[in-house]
Amino acid sequence: MQYLVSVIDDRTASATEEEMTAIHSFNDRLQAAGNWVFAGGLAAPDTATVIDNRGEQALFTDGPFLESKEFLAGFWVIEAPDLDVALALAAEGSKHCNRRVEVRPFL
């Protein structure tokens, strides 16, 4: 089963050098244990473009879909046998990146 672990922050690229070292160490551990699928950091919400192509013509709007103080700053996609393992890994990821995270299973 795969899970999305979303990193929540109120600033973009706010990780310190120590936090980045811890994140890389956690990524290495995920890879070595076979839990790694994919991960990445995201640019600031104001760099987003929202596209709505439900009508006759696509509508492109600058800026984030939602205005919020906190936003998705990065993520991990992990492989885990069940939710308990995914939550344990996400708790470890939260500790390493020093941010809150949200865990959601893929359908």
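Any value given below was found using the heavy atoms of this structure, including those in side chains, with hydrogens, waters and symmetry copies removed.
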Applying side-chain contact (heavy atoms from CB on, under 4.5 Å), name anything that partners Asp28, two or more places apart in sequence or on another chain.
Gln31
For residues 37-49, dump all side-chain donor-acceptor pairs below 3.5 Å to protein atoms at least two apart in sequence or in another chain.
residue, atom, partner, partner atom, Å
Thr47, OG1, Ala44, O, 2.6

Taking side-chain contact (heavy atoms from CB on, under 4.5 Å) as the test, write out the residues that go with Ser14, two or more places apart.
Asp9, Arg11, Arg99
So side chain to side chain donor-acceptor pair (under 3.5 Å) across residues 78-87, not counting sequence neighbours, yields Gln2-Glu79
Apply side-chain contact (heavy atoms from CB on, under 4.5 Å) to Ala22 and list each qualifying residue two or more places apart in sequence or on a separate chain.
His96
With sequence neighbours excluded, tell me which residues meet salt bridge (charged side-chain N to carboxylate O under 4.0 Å, His left out) with Asp52.
Arg54
Identify each donor-acceptor pair in which a side-chain atom of residues 56-64 lies under 3.5 Å from a protein atom, sequence neighbours left out, and give them as a table.
none

With sequence neighbours left out, write down each residue that passes side chain to side chain donor-acceptor pair (under 3.5 Å) with Asn98, or none if nothing qualifies.
Glu19
With side chain to side chain donor-acceptor pair (under 3.5 Å) as the rule and sequence neighbours excluded, what pairs involving residues 66-75 come up?
Glu70-Arg100
Taken in chain and number order and not counting sequence neighbours, the residues that satisfy side-chain contact (heavy atoms from CB on, under 4.5 Å) with Leu4 are Ser6, Phe75, Val77, Phe106
Grab the two heavy atoms, one from Ala86 and one from Ala80, that are nearest each other, plus how far apart they are.
N-CB, 3.8 Å
Students should find that the hydrophobic cluster of Met20, defined by side-chain heavy atoms under 4.5 Å apart, otherwise consists of Met1, Tyr3, Val5, Val7, Ile23, Phe26, Leu30, Trp36, Trp76, Ile78, Leu83, Val85, Leu87, Leu89, Val101, Val103
Which Ile, Leu, Val, Met, Phe, Trp or Tyr residues join Phe71 in one cluster when any pair of side-chain heavy atoms under 4.5 Å counts as a link?
none
Under 3.5 Å donor-acceptor, Thr21 side chain and Glu17 backbone
yes
